[in-house]
Amino acid sequence: MTGIAADEVEEAPAGGQPGHLLAVGLCSGQHVELLQREAELGEPAGGVGHRLVRPAAGGGGGDDVGDSRAGCGGGGEQRVLVLVAGLELVPADQRQWARHFSPLAYGPMADRPVRVRMAPSPTGPIHVGSARTALFNVLFARRHGGQFILRIDDTDLERSTAADEEYIYDGLGWLGLLWDEGPFRQSERLDLYRQHAVRLIEAGHAYRCYCTPDELAAEREAAQREKRPFRYSRRCLRDAPSERPSFVVRFKVPGGAAIEFEDLIRGHMSFASDLIGDPVIIKSDGFPTYNFASPIDDALLEISHVIRGEEHLSNTPTQLMIVDALGYERPQATAHIPLILAPDRTKLSKRRHPALITQFRDWGYLPEAMVNYLALLGWNPGTEQEIFTIAELEAQFDLARVQQSGAIFDRQKLDWINATQIRALPPAELAARLAPFLPGLDSARLERAVPALQERIKTLADGRELLAYLWQEPEVPALSAEEKERLAAATDALRAAEWAPEPIEAILEELRESRGWSRSELINPIRKAVAGGNSPPIHHTLSLLPRAEATGRMERAL
RNA sequence: GGCCCCGUCGUCUAGUGGACCAGGACGCAGCCCUCUCAAGGCUGAGAUCGCGGGUUCGAAUCCCGCCGGGGCUACCA
């Protein structure tokens, strides 16, 4: 077989644009001249085979796709996507990619379907900032009938971990922020970025840089000494010491350009290219940098709106220049959402504020409350509504109403929203949510505990505290003679009671009236004897305890 | 240092030239309700709208300068 099996090929319209899909097919082994150049970039660090194809003559069909078997990673068929122009072959183990490489998807900008993405890097526990970014993306997508894509930006070999990636899935799953496509992992598409780098080099938009870290540090220090902004000297553009074994690829920033774009939150942005030094796009280990991989993937995934944290605002011009140089279409717009701040107004950091998103689950927060709070952190509907269901958020969310300044994460407000949402839950539902936090209660007792808890817990975990008396006998209280008299009367009256809240309440009420005691006179000593300190209303407090245990505690205090 | 973003009660925010001696919410204080704790109701304290100049009859809202905070300036994202 030569390259592409006919029955696997989808023909693209003739004269496809650079970067457009030409065909989807099966590659069983081929290689072309690009392979040599690629070899110069060093051994690929990833495990995915990279197969290269010669440009199709005249931008035509699949027949022209390369037919050499020389370098296809030692046999084995591989599903690939073939692109015109730079002639990249994309390992298409994720079949989903094929759908979006349809030439038909390239429409006029205004008609672009809404496609947004969240692209976290698994380099630490995912925190509330990432979760909110995901939320805003999801809400925007839902509001506009678009797609939400999850991409794992794991191009930092040193810091990315599988555990952190799991936290991302776990956290997003818990919040119900499910993605329509993905997850795509950048580490699995290293050759894709490498091909793009080759293409840029060939076009004169990028070059190899052999400077050592020491040399770069020296340049930086010199710049600092002379009090001028540091930008890479471009020494390797003029005179590269190409005998050195290690190099990076740098993007050659065009001079004198103004990079302009529309940000849905900040408005019109303009940056002078002259202030930007040539950024590294391929590291010496063969991995792309964030500023290179991200815009490529955004373009290939046809992301229409890039919604991300404000820390990326300054990166945007660099990424846009790369997109332009590659001949890809820019995202329709960006939206740089403000940072979430710690109480001291510094940026929330993974180190100092280890707010793992799933930690909130363990603390007893409802995912819908978390979503509600996160949505309000930096966004408001313009009305005075504060409590939202996810459906309401999806209907009302608007990037234009997102704040421009950073917001401090306020646990107390979260608590209030959580408590409010807990109170709004159907009792049976609350029982189910409470179950993991009260393993000591069987489902029947749990259901009976709900009325006692529902309006007095801020988090599900609070239930444990409020019901602590169930498992922990209080100290025997020192009661006055009057208190003992009332307690004794209550104990007697309850001996024959049906052991449920309403009968207990009725009996105590009857006793209280017949003796002329106030409620507190009768109930306080009972509570002291049975629960010690605070507890739910006394009839609930009592009925949640086995009768023998309850009356036992009362007798003990007499 | 350079470039960029931001700046209304403690916190989240409403506010886009007059209806704002700045509204809501959380939190806080008090009162009511009440068997403790909550929930609920009512009341209250809390912002010279970062500062200084302008423009205007009139500015939180427009302009300029400054200050403060943050981000980027990495072979981290």
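Chain identifiers are assigned alphabetically (A, B, ...) following the order of the sequence lines, protein sequences preceding nucleic acid strands; residue numbering begins at 1 within each chain.
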Separation of G27(B) P from Lys413(A) NZ (nearest whole Å): 9 Å

C75(B) pairs with which nucleotide, Watson-Crick or G-U wobble, both distances below 3.5 Å? none

Taking CG from Leu376(A) and P from C12(B), how many angstroms apart are they, rounded to a whole number? 12 Å

Using the P atom as the reference point in each nucleotide, state the distance between A22(B) and C28(B) in Å, no decimals. 24 Å

Determine the Euclidean distance between corresponding P atoms of C21(B) and U34(B); express it in Å to zero decimal places. 41 Å

Can you tell me how far CZ of Arg244(A) sits from SG of Cys209(A), rounded to the nearest 0.5 angstrom? 9.0 Å

So, Glu465(A) and Lys458(A), do they make that salt bridge, N to O below 4.0 Å? no

Could you tell me whether Phe271(A) contacts a base, only the sugar-phosphate backbone, or nothing, with contacts defined as non-hydrogen atoms closer than 4.0 Å? sugar-phosphate

Glu386(A) CD - U11(B) P separation (whole Å): 16 Å

Return the value, rounded to whole Å, for the distance between atom CD of Gln454(A) and atom C1' of G40(B). 15 Å

Would you call Glu158(A) and Lys283(A) a salt bridge, using N to O less than 4.0 angstrom? no

In this structure, how many angstroms lie between the P atom of C26(B) and the CD atom of Glu384(A), rounded? 11 Å

Under 3.5 Å for both donor-acceptor distances, Watson-Crick or wobble: does C67(B) have a partner, and if so which one? G7(B)

First encountered from the 5' end of RNA chain B, between Ile408(A) and Thr420(A): Ile408(A)

Minimum heavy-atom separation for Met118(A) and Ser130(A), please, with both atom names. CE-O, 3.1 Å

Once you round it to whole Å, what is the distance between C1' of G27(B) and OH of Tyr373(A)? 12 Å

Show me the side-chain donor-acceptor pairs of residues 528-535 of chain A shorter than 3.5 Å, one per line, residues at least two apart or across chains.
residue   : atom : partner   : partner atom : Å
Lys528(A) : NZ   : Glu483(A) : OE2          : 3.0
Ser535(A) : OG   : Arg527(A) : NE           : 2.9
Ser535(A) : OG   : Thr541(A) : OG1          : 2.8

Side chain Ser284(A) and base C75(B) donor-acceptor under 3.5 Å: yes

Within 45° cone of Phe136(A) ring axis and under 6.0 Å: Arg132(A) NZ or CZ: yes

Tabulate atom names and distances for all N/O pairs under 3.5 angstrom spanning the protein and nucleotides 28-31 of chain B.
none

I want to check one thing: is the phosphate of C5(B), taken as OP1 and OP2, less than 4.0 Å away from some side-chain N or O of Gln404(A)? no

Along RNA chain B (nearest heavy atom to each residue), the more 5'-positioned of Gln186(A) and Gly378(A): Gly378(A)

Separation of atom CD in Gln421(A) from atom P in A39(B), rounded to whole Å: 16 Å

Please give the distance between the C1' atoms of C63(B) and G69(B) as a whole number of Å. 23 Å

Counting any heavy atom closer than 4.0 Å, what does Thr155(A) reach on the DNA or RNA strands: base, sugar-phosphate only, or nothing? sugar-phosphate

Could you work out the separation of C67(B) and G30(B) based on their C1' atoms and round it to a whole Å? 39 Å

Looking at Asp398(A) and Arg401(A), is there a salt bridge between them, counting it only when a charged N and a carboxylate O are closer than 4.0 Å? no

Please give the nucleotide sitting opposite A47(B) as a Watson-Crick or G-U wobble pair, both distances under 3.5 Å, or none. none

Exercise: do Asn418(A) and Thr459(A) side chains pair donor with acceptor under 3.5 Å: no

Heavy-atom closest pair (Arg194(A) atom, Gly286(A) atom, distance to 0.1 Å) is NH2-O, 3.4 Å

I need the minimum non-hydrogen distance between Ala452(A) and Leu466(A), along with the two atoms involved. O-CD2, 4.2 Å

Indicate whether the side chain of Asp297(A) and that of Tyr193(A) have a donor and an acceptor atom separated by less than 3.5 Å. yes

NA contact type, Arg423(A), heavy-atom cut-off 4.0 Å: base, sugar-phosphate, or nothing? sugar-phosphate

Grab the N/O contacts between the protein and nucleotides 41-47 of chain B below 3.5 Å, and write none if there aren't any.
none

Tabulate protein N/O versus nucleotide N/O from nucleotides 48-52 of chain B, keeping only pairs under 3.5 Å, one per line.
none

Rounded to whole Å, how long is the line connecting atom CZ of Phe409(A) with atom P of U13(B)? 13 Å

Mind checking what makes salt bridge (Lys or Arg N to Asp or Glu O under 4.0 Å) contact with Arg231(A), not counting sequence neighbours? none

Arg235(A) bridged to Glu219(A) by N-O distance under 4.0 Å: no

Taking atom C1' in both C57(B) and C12(B), compute the distance separating them and give it to the nearest angstrom. 36 Å

Would you mind checking if Glu482(A) and Arg486(A) are paired as a salt bridge, meaning a charged N to carboxylate O distance below 4.0 Å? no

Same-atom distance (P) from G50(B) to A60(B), integer angstrom: 10 Å

What's touching nucleotides 64-74 of chain B from the protein side, N or O pairs under 3.5 Å?
residue : atom : partner   : partner atom : Å
G71(B)  : O2'  : Glu311(A) : O            : 3.2
G71(B)  : N2   : Ser314(A) : OG           : 3.2

A59(B) to G52(B) separation - P atoms, rounded to the nearest Å: 14 Å

When the P atoms of U8(B) and C51(B) are considered, how many whole Å apart are they? 10 Å

For Asp324(A), enumerate each residue passing the salt bridge (Lys or Arg N to Asp or Glu O under 4.0 Å) test, keeping only those at least two apart in sequence or located in another chain. Arg330(A)

Check the phosphate of A25(B) against Gln385(A), side-chain N and O only, distance under 4.0 Å to OP1 or OP2. Yes or no? no

List in chain and number order the residues that pass side chain to side chain contact (heavy atoms under 4.5 Å, CB included) with Asn315(A), two or more places apart in sequence or in another chain; answer none if no residue qualifies. Tyr290(A), Asn291(A), His312(A), Gln319(A)

Can you name the salt bridge (Lys or Arg N to Asp or Glu O under 4.0 Å) partners of Arg220(A), sequence neighbours left out? none

Does Asp298(A) have any salt bridge (Lys or Arg N to Asp or Glu O under 4.0 Å) partners at least two apart in sequence or in another chain, and if so, which? Arg117(A), Arg151(A)

Classify Arg401(A) by what it touches in the nucleic acid, base, sugar-phosphate, or nothing, heavy-atom distance under 4.0 Å. sugar-phosphate

So if I define the base as every atom that isn't primed, P, OP1 or OP2, how would nucleotides 32-38 of chain B read as a B/S/- string at a heavy-atom cutoff under 4.0 Å? ---BBBB

Mind checking if Glu158(A) touches a base, just sugar-phosphate, or nothing, with heavy atoms under 4.0 Å? nothing

Choose from A77(B), C75(B), C6(B) the nucleotide whose nearest atom is closest to any side-chain atom of Val248(A). C75(B)

Tell me which nucleotide, if any, is Watson-Crick or G-U wobble paired with G27(B) when both distances must be under 3.5 Å. none

With sequence neighbours left out, what residues match Thr161(A) under side chain to side chain contact (heavy atoms under 4.5 Å, CB included)? Ala163(A), Asp164(A)

Contact under 4.0 Å: Arg308(A) side-chain N or O vs A77(B) OP1/OP2: no

